[in-house]
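Data first, discussion second: the structure below is written as C-alpha coordinates.
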Protein chains: 2
Amino acid sequence: MTETEIIEKIRAKGFKITPQRRAIINALVTADKPPVAKDVHREVRNKYPSVSLDTVYRNLNLLAEIGCLVKYNLKNSEKSRFEILKHHHHYHHHLICLGCGEAVCLEKCLLDMHTDVLKNKGYKIVGHAFEIYGYCPSCCNAVENKDGKK
Amino acid sequence: MTETEIIEKIRAKGFKITPQRRAIINALVTADKPPVAKDVHREVRNKYPSVSLDTVYRNLNLLAEIGCLVKYNLKNSEKSRFEILKHHHHYHHHLICLGCGEAVCLEKCLLDMHTDVLKNKGYKIVGHAFEIYGYCPSCCNAVENKDGKK
DNA sequence: CCTCCAAATAGGAACGTTCTTATTTACTAC
DNA sequence: GTAGTAAATAAGAACGTTCCTATTTGGAGG
(Lines give C-alpha, C1' and ligand atoms only; values in the text may rest on other atoms or scores of the structure.)
Protein backbone atom coordinates (compact mmCIF):
# COMPACT_ATOMS: atom_id res chain seq x y z
CA MET A 1 0.00 0.00 0.00
CA THR A 2 1.44 3.37 -0.99
CA GLU A 3 1.48 6.57 0.99
CA THR A 4 -1.13 8.07 -1.33
CA GLU A 5 -3.46 5.10 -1.05
CA ILE A 6 -3.30 5.23 2.72
CA ILE A 7 -4.05 8.95 2.81
CA GLU A 8 -6.94 8.40 0.44
CA LYS A 9 -8.35 5.71 2.69
CA ILE A 10 -8.10 7.93 5.75
CA ARG A 11 -9.94 10.69 3.95
CA ALA A 12 -12.57 8.24 2.71
CA LYS A 13 -13.27 7.15 6.28
CA GLY A 14 -13.80 10.76 7.30
CA PHE A 15 -10.61 11.30 9.27
CA LYS A 16 -8.41 14.32 8.85
CA ILE A 17 -4.99 14.67 7.31
CA THR A 18 -2.58 16.38 9.66
CA PRO A 19 1.12 17.02 9.13
CA GLN A 20 1.94 14.65 12.01
CA ARG A 21 -0.19 11.96 10.43
CA ARG A 22 1.55 12.37 7.09
CA ALA A 23 4.94 12.13 8.72
CA ILE A 24 3.97 8.96 10.59
CA ILE A 25 2.72 7.32 7.43
CA ASN A 26 5.87 8.34 5.62
CA ALA A 27 8.02 6.83 8.35
CA LEU A 28 6.08 3.58 8.05
CA VAL A 29 6.30 3.18 4.31
CA THR A 30 10.00 4.03 4.19
CA ALA A 31 11.02 1.71 7.05
CA ASP A 32 13.10 -1.34 6.09
CA LYS A 33 11.43 -3.58 8.62
CA PRO A 34 8.26 -3.31 10.71
CA PRO A 35 9.17 -0.63 13.26
CA VAL A 36 8.17 -0.34 16.89
CA ALA A 37 6.41 2.81 18.06
CA LYS A 38 9.61 4.47 19.24
CA ASP A 39 11.26 4.02 15.85
CA VAL A 40 8.40 5.87 14.26
CA HIS A 41 8.46 8.51 16.97
CA ARG A 42 12.21 9.12 16.53
CA GLU A 43 11.80 9.41 12.79
CA VAL A 44 8.87 11.79 12.96
CA ARG A 45 10.63 14.00 15.51
CA ASN A 46 13.28 14.82 12.97
CA LYS A 47 10.69 16.87 11.17
CA TYR A 48 8.29 17.74 14.01
CA PRO A 49 10.25 17.78 17.28
CA SER A 50 7.21 18.24 19.50
CA VAL A 51 5.19 15.25 18.33
CA SER A 52 4.11 13.17 21.30
CA LEU A 53 4.46 9.43 21.63
CA ASP A 54 0.74 9.27 22.27
CA THR A 55 0.08 10.78 18.85
CA VAL A 56 2.23 8.11 17.27
CA TYR A 57 0.32 5.35 19.04
CA ARG A 58 -3.04 6.88 18.26
CA ASN A 59 -2.20 6.98 14.58
CA LEU A 60 -0.66 3.53 14.44
CA ASN A 61 -3.78 2.11 16.02
CA LEU A 62 -6.01 4.05 13.68
CA LEU A 63 -4.13 2.70 10.68
CA ALA A 64 -4.54 -0.79 12.06
CA GLU A 65 -8.26 -0.30 12.59
CA ILE A 66 -8.91 0.86 9.06
CA GLY A 67 -6.83 -2.00 7.74
CA CYS A 68 -3.71 -0.24 6.44
CA LEU A 69 -1.26 -2.04 8.67
CA VAL A 70 -1.03 -5.02 10.96
CA LYS A 71 0.08 -4.71 14.55
CA TYR A 72 1.62 -7.71 16.15
CA ASN A 73 3.55 -8.82 19.19
CA LEU A 74 6.16 -11.40 18.48
CA LYS A 75 6.44 -12.83 21.94
CA ASN A 76 3.84 -12.36 24.61
CA SER A 77 3.96 -8.73 25.80
CA GLU A 78 7.06 -7.67 23.96
CA LYS A 79 6.77 -4.38 22.12
CA SER A 80 4.34 -4.25 19.24
CA ARG A 81 5.54 -3.91 15.69
CA PHE A 82 3.60 -2.19 12.95
CA GLU A 83 3.75 -3.36 9.37
CA ILE A 84 2.16 -1.66 6.40
CA LEU A 85 0.04 -4.09 4.43
CA LYS A 86 1.57 -4.80 1.08
CA HIS A 87 -0.49 -6.66 -1.53
CA HIS A 88 -3.46 -8.00 0.40
CA HIS A 89 -1.60 -10.37 2.61
CA HIS A 90 -3.48 -10.25 5.88
CA TYR A 91 -1.91 -13.33 7.29
CA HIS A 92 0.81 -12.97 9.82
CA HIS A 93 2.49 -16.07 11.04
CA HIS A 94 5.51 -16.36 13.24
CA LEU A 95 7.61 -19.14 14.56
CA ILE A 96 8.86 -17.99 17.92
CA CYS A 97 11.58 -19.47 20.07
CA LEU A 98 10.65 -19.53 23.75
CA GLY A 99 14.31 -19.75 24.62
CA CYS A 100 15.86 -16.78 22.87
CA GLY A 101 12.77 -14.96 21.63
CA GLU A 102 13.96 -15.05 18.04
CA ALA A 103 11.10 -14.95 15.56
CA VAL A 104 10.97 -16.25 12.05
CA CYS A 105 8.34 -14.70 9.81
CA LEU A 106 6.60 -17.25 7.67
CA GLU A 107 5.53 -16.21 4.23
CA LYS A 108 3.35 -19.19 3.58
CA CYS A 109 -0.24 -19.45 4.59
CA LEU A 110 -1.95 -21.32 7.34
CA LEU A 111 -2.64 -24.69 5.88
CA ASP A 112 0.63 -25.06 4.08
CA MET A 113 2.46 -24.37 7.28
CA HIS A 114 1.13 -27.41 8.96
CA THR A 115 2.24 -29.72 6.26
CA ASP A 116 5.53 -28.27 5.08
CA VAL A 117 7.11 -25.51 6.96
CA LEU A 118 6.93 -26.69 10.53
CA LYS A 119 8.71 -29.90 9.77
CA ASN A 120 11.66 -28.23 8.13
CA LYS A 121 12.54 -25.51 10.60
CA GLY A 122 13.85 -27.77 13.32
CA TYR A 123 11.69 -26.10 15.95
CA LYS A 124 10.23 -28.03 18.84
CA ILE A 125 6.66 -26.79 18.98
CA VAL A 126 5.07 -26.47 22.42
CA GLY A 127 1.97 -24.46 21.67
CA HIS A 128 0.36 -21.86 19.51
CA ALA A 129 -2.25 -19.14 19.48
CA PHE A 130 -4.56 -18.42 16.65
CA GLU A 131 -6.67 -15.30 16.91
CA ILE A 132 -9.16 -13.98 14.47
CA TYR A 133 -10.12 -10.33 14.32
CA GLY A 134 -13.40 -9.10 12.99
CA TYR A 135 -16.73 -7.57 13.82
CA CYS A 136 -19.47 -9.40 15.63
CA PRO A 137 -23.00 -9.43 14.25
CA SER A 138 -24.20 -6.57 16.40
CA CYS A 139 -21.23 -4.38 15.48
CA CYS A 140 -21.41 -5.17 11.78
CA ASN A 141 -24.23 -2.73 11.17
CA ALA A 142 -22.31 0.21 12.54
CA VAL A 143 -19.10 -0.52 10.74
CA GLU A 144 -19.35 0.89 7.27
CA ASN A 145 -18.12 4.35 8.08
CA LYS A 146 -16.14 5.83 10.92
CA ASP A 147 -18.46 4.30 13.47
CA GLY A 148 -16.22 1.30 13.35
CA LYS A 149 -14.00 3.17 15.76
CA LYS A 150 -14.25 2.73 19.49
CA MET B 1 -3.53 -30.69 35.44
CA THR B 2 -3.89 -31.03 39.20
CA GLU B 3 -2.19 -28.98 41.90
CA THR B 4 -0.02 -31.99 42.81
CA GLU B 5 1.06 -32.61 39.24
CA ILE B 6 2.07 -29.00 38.82
CA ILE B 7 4.10 -28.99 42.02
CA GLU B 8 5.77 -32.20 40.96
CA LYS B 9 6.69 -30.68 37.63
CA ILE B 10 8.18 -27.61 39.29
CA ARG B 11 10.27 -29.81 41.56
CA ALA B 12 11.36 -31.95 38.62
CA LYS B 13 12.64 -28.87 36.82
CA GLY B 14 14.73 -27.94 39.85
CA PHE B 15 12.68 -24.99 41.10
CA LYS B 16 11.68 -24.54 44.70
CA ILE B 17 8.32 -24.86 46.36
CA THR B 18 7.49 -21.76 48.37
CA PRO B 19 4.27 -21.02 50.25
CA GLN B 20 3.55 -18.13 47.88
CA ARG B 21 4.00 -20.43 44.92
CA ARG B 22 1.63 -22.98 46.36
CA ALA B 23 -0.99 -20.34 46.99
CA ILE B 24 -0.70 -19.01 43.43
CA ILE B 25 -1.13 -22.48 41.98
CA ASN B 26 -4.08 -23.09 44.23
CA ALA B 27 -5.72 -19.87 43.11
CA LEU B 28 -5.26 -20.93 39.49
CA VAL B 29 -6.71 -24.40 39.76
CA THR B 30 -9.71 -23.25 41.77
CA ALA B 31 -10.60 -20.32 39.50
CA ASP B 32 -13.81 -20.63 37.48
CA LYS B 33 -12.38 -18.89 34.46
CA PRO B 34 -8.86 -17.96 33.36
CA PRO B 35 -7.93 -15.14 35.75
CA VAL B 36 -5.88 -12.04 35.13
CA ALA B 37 -2.84 -11.40 37.31
CA LYS B 38 -4.73 -9.15 39.71
CA ASP B 39 -7.36 -11.80 40.34
CA VAL B 40 -4.64 -14.19 41.40
CA HIS B 41 -2.97 -11.51 43.48
CA ARG B 42 -6.19 -10.66 45.31
CA GLU B 43 -6.86 -14.32 46.02
CA VAL B 44 -3.35 -15.02 47.28
CA ARG B 45 -3.35 -11.97 49.54
CA ASN B 46 -6.16 -13.45 51.56
CA LYS B 47 -3.65 -15.90 52.89
CA TYR B 48 -0.38 -13.99 52.50
CA PRO B 49 -1.16 -10.27 52.67
CA SER B 50 2.34 -9.14 51.77
CA VAL B 51 2.73 -11.05 48.50
CA SER B 52 3.82 -8.67 45.76
CA LEU B 53 2.29 -8.41 42.34
CA ASP B 54 5.70 -9.07 40.89
CA THR B 55 5.82 -12.44 42.60
CA VAL B 56 2.50 -13.33 41.06
CA TYR B 57 3.74 -12.40 37.59
CA ARG B 58 7.03 -14.20 38.06
CA ASN B 59 5.22 -17.38 38.98
CA LEU B 60 2.60 -17.15 36.29
CA ASN B 61 5.32 -16.75 33.70
CA LEU B 62 7.29 -19.62 35.15
CA LEU B 63 4.25 -21.87 34.96
CA ALA B 64 3.77 -20.87 31.36
CA GLU B 65 7.40 -21.56 30.55
CA ILE B 66 7.34 -25.06 31.96
CA GLY B 67 4.08 -25.74 30.15
CA CYS B 68 1.58 -25.86 33.00
CA LEU B 69 -0.57 -23.02 31.77
CA VAL B 70 -1.18 -20.90 28.73
CA LYS B 71 -0.98 -17.13 28.80
CA TYR B 72 -2.95 -15.24 26.24
CA ASN B 73 -4.16 -11.77 25.36
CA LEU B 74 -7.59 -11.64 23.91
CA LYS B 75 -7.31 -8.33 22.13
CA ASN B 76 -4.07 -6.65 21.32
CA SER B 77 -2.56 -5.33 24.56
CA GLU B 78 -5.44 -6.06 26.83
CA LYS B 79 -4.53 -7.75 30.08
CA SER B 80 -3.19 -11.27 29.85
CA ARG B 81 -5.17 -14.21 31.13
CA PHE B 82 -3.66 -17.35 32.55
CA GLU B 83 -5.29 -20.72 32.05
CA ILE B 84 -4.15 -23.98 33.60
CA LEU B 85 -3.77 -26.64 30.94
CA LYS B 86 -6.43 -29.25 31.30
CA HIS B 87 -6.17 -32.45 29.26
CA HIS B 88 -3.55 -31.68 26.67
CA HIS B 89 -5.42 -29.02 24.81
CA HIS B 90 -2.74 -26.58 23.76
CA TYR B 91 -4.87 -24.82 21.21
CA HIS B 92 -6.33 -21.49 22.07
CA HIS B 93 -8.57 -19.88 19.54
CA HIS B 94 -10.63 -16.77 19.89
CA LEU B 95 -13.04 -14.88 17.77
CA ILE B 96 -12.65 -11.25 18.71
CA CYS B 97 -14.89 -8.34 17.85
CA LEU B 98 -12.92 -5.23 16.90
CA GLY B 99 -15.94 -3.14 17.71
CA CYS B 100 -16.83 -4.10 21.25
CA GLY B 101 -13.85 -6.27 22.17
CA GLU B 102 -16.04 -9.21 23.05
CA ALA B 103 -14.27 -12.53 22.64
CA VAL B 104 -15.74 -15.91 21.95
CA CYS B 105 -13.59 -18.89 22.88
CA LEU B 106 -13.69 -21.59 20.27
CA GLU B 107 -13.48 -25.14 21.42
CA LYS B 108 -12.85 -26.59 18.04
CA CYS B 109 -9.48 -26.95 16.47
CA LEU B 110 -7.78 -25.04 13.73
CA LEU B 111 -8.85 -26.75 10.58
CA ASP B 112 -12.44 -27.26 11.55
CA MET B 113 -12.76 -23.60 12.28
CA HIS B 114 -12.15 -22.64 8.73
CA THR B 115 -14.81 -24.85 7.40
CA ASP B 116 -17.55 -24.75 9.99
CA VAL B 117 -17.34 -22.33 12.79
CA LEU B 118 -16.45 -19.10 11.09
CA LYS B 119 -19.40 -19.29 8.76
CA ASN B 120 -21.93 -19.71 11.52
CA LYS B 121 -20.93 -17.00 13.95
CA GLY B 122 -21.99 -14.08 11.82
CA TYR B 123 -18.66 -12.33 12.30
CA LYS B 124 -17.12 -10.22 9.59
CA ILE B 125 -13.50 -11.35 9.59
CA VAL B 126 -10.90 -8.69 8.85
CA GLY B 127 -7.70 -10.42 9.85
CA HIS B 128 -6.07 -12.93 12.10
CA ALA B 129 -2.85 -13.81 13.81
CA PHE B 130 -1.47 -17.26 14.20
CA GLU B 131 1.56 -17.65 16.39
CA ILE B 132 3.46 -20.78 17.19
CA TYR B 133 5.55 -21.14 20.30
CA GLY B 134 8.46 -23.48 20.59
CA TYR B 135 12.20 -23.82 20.80
CA CYS B 136 14.52 -23.14 17.91
CA PRO B 137 17.16 -25.67 16.95
CA SER B 138 19.93 -23.96 18.88
CA CYS B 139 17.85 -23.72 22.03
CA CYS B 140 16.56 -27.29 21.82
CA ASN B 141 19.76 -28.69 23.23
CA ALA B 142 19.62 -26.60 26.36
CA VAL B 143 15.98 -27.20 27.07
CA GLU B 144 15.71 -30.47 28.87
CA ASN B 145 16.29 -29.05 32.30
CA LYS B 146 16.01 -25.62 33.83
CA ASP B 147 18.30 -24.13 31.23
CA GLY B 148 15.20 -23.59 29.17
CA LYS B 149 14.68 -20.50 31.26
CA LYS B 150 15.89 -17.08 30.19
C1' DC C 1 -12.63 34.31 3.43
C1' DC C 2 -15.02 33.13 8.21
C1' DT C 3 -17.24 30.27 11.31
C1' DC C 4 -17.89 26.21 13.47
C1' DC C 5 -17.31 21.59 15.21
C1' DA C 6 -15.58 17.17 15.30
C1' DA C 7 -11.24 15.32 15.32
C1' DA C 8 -6.40 15.66 16.49
C1' DT C 9 -2.83 17.15 19.40
C1' DA C 10 0.69 17.69 23.56
C1' DG C 11 1.50 16.67 28.01
C1' DG C 12 1.17 14.21 31.77
C1' DA C 13 -1.24 10.66 34.64
C1' DA C 14 -2.45 5.89 34.80
C1' DC C 15 -2.32 1.00 33.77
C1' DG C 16 -0.33 -3.65 33.11
C1' DT C 17 3.91 -5.89 33.21
C1' DT C 18 8.87 -6.50 33.82
C1' DC C 19 13.29 -5.30 35.81
C1' DT C 20 16.65 -4.12 39.61
C1' DT C 21 18.44 -4.53 44.06
C1' DA C 22 18.97 -6.00 48.51
C1' DT C 23 17.18 -9.46 51.61
C1' DT C 24 15.28 -13.92 52.82
C1' DT C 25 14.39 -18.79 52.08
C1' DA C 26 14.24 -23.76 50.30
C1' DC C 27 16.80 -27.37 49.39
C1' DT C 28 21.50 -30.05 49.29
C1' DA C 29 25.35 -32.17 51.30
C1' DC C 30 27.82 -32.73 55.13
C1' DG D 1 21.03 -30.00 62.67
C1' DT D 2 24.18 -26.56 60.25
C1' DA D 3 26.25 -24.16 56.43
C1' DG D 4 26.35 -22.90 51.83
C1' DT D 5 24.16 -21.58 47.57
C1' DA D 6 21.03 -20.83 44.08
C1' DA D 7 16.48 -19.35 43.75
C1' DA D 8 12.61 -16.59 45.40
C1' DT D 9 10.89 -12.64 47.51
C1' DA D 10 9.21 -7.50 48.50
C1' DA D 11 9.50 -2.99 47.20
C1' DG D 12 9.80 0.23 44.16
C1' DA D 13 11.71 1.97 39.63
C1' DA D 14 11.18 1.47 34.78
C1' DC D 15 9.05 0.30 30.42
C1' DG D 16 5.48 0.11 26.77
C1' DT D 17 1.03 1.60 25.93
C1' DT D 18 -3.36 3.89 26.76
C1' DC D 19 -6.25 7.33 28.88
C1' DC D 20 -7.56 12.05 30.35
C1' DT D 21 -7.92 16.96 29.83
C1' DA D 22 -7.42 21.21 27.93
C1' DT D 23 -6.04 23.33 23.65
C1' DT D 24 -5.46 23.61 18.68
C1' DT D 25 -6.57 22.57 13.90
C1' DG D 26 -8.46 20.57 9.38
C1' DG D 27 -11.96 20.88 6.44
C1' DA D 28 -17.09 21.54 5.38
C1' DG D 29 -20.67 25.05 4.57
C1' DG D 30 -22.20 29.46 4.51
Side-chain angles (χ1 to χ4, degrees), chain A residues 7-25 34-42 44-45 47-66 69 71-82 101 145-150, chain B residues 7-8 10-25 34-42 44-45 47-66 69 71-82 98 101 145-150:
Chain A
I7 288 178
E8 221 27 70
K9 190 154 187 177
I10 291 173
R11 227 190 282 278
K13 294 277 180 181
F15 298 107
K16 296 175 181 173
I17 307 300
T18 64
Q20 294 95 328
R21 189 159 281 173
R22 274 180 196 280
I24 289 166
I25 294 165
V36 299
K38 274 215 169 149
D39 298 334
V40 176
H41 191 218
R42 193 180 322 107
V44 170
R45 282 210 156 179
K47 211 170 173 189
Y48 301 98
S50 71
V51 160
S52 72
L53 194 50
D54 179 67
T55 294
V56 171
Y57 276 109
R58 218 176 335 97
N59 280 289
L60 292 175
N61 286 329
L62 175 69
L63 290 171
E65 277 172 22
I66 67 176
L69 59 74
K71 170 181 179 180
Y72 59 88
N73 297 64
L74 289 191
K75 212 177 156 184
N76 250 349
S77 78
E78 208 188 66
K79 316 175 203 181
S80 302
R81 294 198 168 267
F82 299 86
N145 218 293
K146 70 170 65 171
D147 313 312
K149 271 185 57 204
K150 275 183 302 295
Chain B
I7 288 178
E8 222 26 72
I10 291 173
R11 227 190 282 278
K13 293 276 180 182
F15 298 106
K16 297 174 179 172
I17 308 299
T18 64
Q20 294 94 328
R21 190 159 279 173
R22 275 180 195 279
I24 288 166
I25 294 165
V36 298
K38 276 214 167 148
D39 297 335
V40 176
H41 191 219
R42 194 180 320 109
V44 170
R45 283 209 155 180
K47 211 171 174 189
Y48 301 100
S50 71
V51 161
S52 71
L53 193 50
D54 179 66
T55 293
V56 172
Y57 276 110
R58 217 176 336 95
N59 280 287
L60 292 175
N61 286 330
L62 176 68
L63 290 171
E65 276 172 22
I66 67 177
L69 59 72
K71 170 182 179 181
Y72 59 88
N73 298 64
L74 289 190
K75 211 178 157 184
N76 250 349
S77 77
E78 208 187 69
K79 315 175 202 180
S80 302
R81 295 197 167 268
F82 299 87
L98 293 173
N145 218 295
K146 71 170 65 172
D147 313 313
K149 271 187 56 200
K150 272 183 303 295

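Each of B:I10 and A:L53 was assigned the nucleotide of DNA chain D with the nearest heavy atom; the assignment lying further toward the 5' end belongs to B:I10. Comparing A:V36 and B:I24 by the nucleotide of DNA chain D that holds the closest heavy atom to each, the one mapping nearer the 5' end is B:I24.
When rounded to the nearest whole Å, the span between CD1 of A:I25 and P of C:dA8 equals 12 Å. Rounded to whole Å, the distance from CZ on B:R58 to C1' on D:dA11 is 12 Å. Between the OH atom of A:Y48 and the C1' atom of D:dT25 there is a distance of 13 Å, given to the nearest Å. Atoms CG (B:D39) and C1' (C:dG16) sit 13 Å apart, rounded to a whole Å. One atom, CZ of B:R21, and another, P of D:dT9, lie 5 Å apart when rounded to the nearest Å. Remark: P of D:dT18 and NE2 of A:H41 are 14 Å apart, rounded to the nearest angstrom. Spacing between atom CZ of B:R45 and atom C1' of D:dA10 amounts to 10 Å, rounded to whole angstrom units. In this structure, the CZ atom of B:R22 is 12 Å from the P atom of D:dT9, given to the nearest Å.
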Go through the steps for B:D39 and B:R42 under the test side-chain contact (heavy atoms from CB on, under 4.5 Å), then give the verdict.
-> CA-CA 5 Å; B:D39 297 335; B:R42 194 180 320 109; 3.4 Å; yes
Step-by-step side-chain contact (heavy atoms from CB on, under 4.5 Å) determination, A:V44 to A:T55 = CA-CA 11 Å; A:V44 170; A:T55 294; over 6 Å; no
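Contact annotation: B:T55 side-chain N/O to D:dA10 OP1/OP2 distance is under 4.0 Å.
Of the possible donor and acceptor atoms, none in the side chain of A:H41 sits under 3.5 Å from a partner among the backbone N and O of A:Y57.
For A:D54, taking side-chain heavy atoms from C-beta onward, the closest of the listed nucleotides D:dT17, C:dT18, C:dG12 is C:dG12. In the set D:dT17, C:dT18, D:dA10, the nucleotide with an atom closest to the side chain of B:S50 is D:dA10. Side chain of A:N61, nearest nucleotide from D:dT17, D:dT18, C:dA10: D:dT18.
The two residues A:N59 and A:I24 make their nearest non-hydrogen contact at ND2-CD1, 3.6 Å. Minimum interatomic distance between B:R11 and B:R22 (heavy atoms only, all atoms of both residues): NH2-NH2, 4.3 Å. Across all non-hydrogen atoms, the minimal contact from B:I66 to B:K13 is CG2-CG, 4.2 Å.
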Write out a two-atom table: protein N or O, nucleotide N or O from nucleotides 26-29 of chain C, distance below 3.5 Å.
residue : atom : partner : partner atom : Å
C:dA26  : N3   : B:K16   : NZ           : 3.1
C:dC27  : OP1  : B:I17   : N            : 3.1

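Between the CG atom of A:L60 and the CD atom of A:E65 there is a distance of 11.5 Å, given to the nearest 0.5 Å.
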